[in-house]
Amino acid sequence: MAILEGRNLCKTYRLSRRNTVEALKGVEISIDQGEMVAIMGPSGSGKSTLMHILGLLHAPDPNHGPAPELRLAGEDVAALSDNARTKIRARRMGFVFQDFNLVPTLTALENVQLACDYAGIKGKQARQAGLEALSLVGLEDRAGHKPAELSGGEQQRVAIARALVNKPEIILADEPTGNLDSDRSAEVLALLREFNREHGQTIVLVTHDAEVGEACDRVIRMRDGRIRDHGQPATAAAVPVMATAAGAMAVAATA
């Protein structure tokens, strides 16, 4: 069953009065519930723009031809208001970015609790949810540390905890291993794969990294604003060497 479906997805950015960039050119995409999918392509291919539209961060352009369609678990979300999209993102989606996007003046726990606040969860309930999320990524003992006191791998695990804290149906990650070395990258992939397998969360990864693609069930390849290859679902997904809880935590212990 498809959890995300898009048709006729277009996006053009106006850089100046005479200069525009056509980032998406009528993309059609379907992602099944419980899949772990990589979207790959060269810089400027439109992969991050597509992720932003799938994650309701941007709206597709209204088209002169067929109208854009975007469905979340069968519900048409293409033309929702900004407020309605924000509510869906807060309650049903989690986001992980290359640059971590942590607030430097807040502790790890407080950064995770921000996602609770956006979803309307506050007080003791938010604190408990935040501690549980940090425990899932092996950082319960670092809850009181600020980002500058954490390694890059630890910061990305805090970002993953923030994405997980509201138990979203979908996690969208844009180059989540881009700022990490190979060991920390394997650790992050291990965690994402485990949440996908054990909790059934759908994960969409935008990446340049072939090893990240190999760890997924399917690779969607983009070029020039179009999907060139939708990929074939794997019979058994390739999993990184440390893609188990024990392996990920063993790496974490040395971070």
Side-chain angles (χ1 to χ4, degrees), residues 55 57 86-201 203-207 212 240-255:
L57 293 165
T86 298
K87 288 181 178 179
I88 290 175
R89 288 198 306 269
R91 296 169 184 171
R92 301 177 68 178
M93 296 178 172
F95 296 87
V96 182
F97 297 98
Q98 177 177 350
D99 295 326
F100 316 141
N101 286 1
L102 302 178
V103 180
T105 57
L106 300 182
T107 65
L109 177 58
E110 289 166 342
N111 268 285
V112 173
Q113 286 181 260
L114 283 176
C116 296
D117 188 49
Y118 296 149
I121 301 168
K122 301 181 184 296
K124 291 182 179 179
Q125 185 179 358
R127 178 178 173 80
Q128 183 60 35
L131 289 171
E132 288 177 2
L134 285 172
S135 179
L136 285 173
V137 300
L139 287 180
E140 63 271 29
D141 61 337
R142 309 286 273 171
H145 289 68
K146 294 182 178 178
E149 300 169 321
L150 303 173
S151 69
E154 287 172 331
Q155 289 184 60
Q156 191 60 297
R157 282 190 279 140
V158 172
I160 291 172
R162 182 181 58 196
L164 291 169
V165 69
N166 295 323
K167 300 180 172 62
E169 300 163 59
I170 304 168
I171 297 173
L172 300 110
D174 195 352
E175 298 285 2
T177 63
N179 282 336
L180 304 177
D181 62 27
S182 58
D183 286 344
R184 303 291 88 74
S185 294
E187 172 194 332
V188 165
L189 281 176
L191 288 167
L192 291 172
R193 171 52 87 181
E194 182 154 346
F195 298 130
N196 165 254
R197 287 185 166 173
E198 295 197 0
H199 303 285
Q201 288 165 313
I203 298 179
V204 182
L205 299 165
V206 167
T207 183
V212 174
V241 173
M242 287 171 283
T244 65
M249 292 307 105
V251 172
T254 64

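Counting begins at 1 with the first residue of the sequence.
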Side chain to side chain, Q128 and Q125, heavy atoms closer than 4.5 Å: no
Partner set under side-chain hydrogen bond (donor to acceptor under 3.5 Å, both in side chains) for D174, not counting sequence neighbours: S48
Partner residues of Q155 under the side chain to side chain contact (heavy atoms under 4.5 Å, CB included) criterion, sequence neighbours left out: F100, L102, P147, L150
K146 side chain near L106 side chain, heavy-atom distance below 4.5 Å: no
Side-chain heavy atoms of V204 within contact of I171, under 4.5 Å: no
Main-chain N/O of K122 paired with D117 side-chain donor or acceptor, under 3.5 Å: no
I170 side chain reached by L172 side chain, heavy atoms, under 4.5 Å: yes
Nearest heavy-atom neighbours spanning G153 and L180: N-CD2, 3.8 Å
4.5 Å side-chain heavy-atom contact, L57 and R89: yes
Main-chain N/O of D181 paired with S185 side-chain donor or acceptor, under 3.5 Å: yes
Atom pair CD/CG of E187 and L192 - distance to nearest 0.5 Å: 10.5 Å
For the student: nearest non-hydrogen atoms of V96 and Q156, plus distance: CG1-OE1, 3.4 Å
Closest approach of N166 to A115 (non-hydrogen atoms, all atoms of both residues): ND2-O, 2.9 Å
Minimum-distance pair of heavy atoms, taken over all atoms of R142 and A108: O-CB, 3.5 Å
Closest approach of A129 to C116 (non-hydrogen atoms, all atoms of both residues): CB-SG, 4.2 Å
Neighbour count >12 (heavy atoms, 6.0 Å) for atom NZ, K167: no
Validation row: Q201, E169 side chains within 4.5 angstrom (heavy atoms): no
Beyond-backbone contact of R157 with L191, side-chain heavy atoms, under 4.5 angstrom: yes
Pairs meeting criterion salt bridge (charged side-chain N to carboxylate O under 4.0 Å, His left out) with involvement of residues 107-116, two or more places apart: none
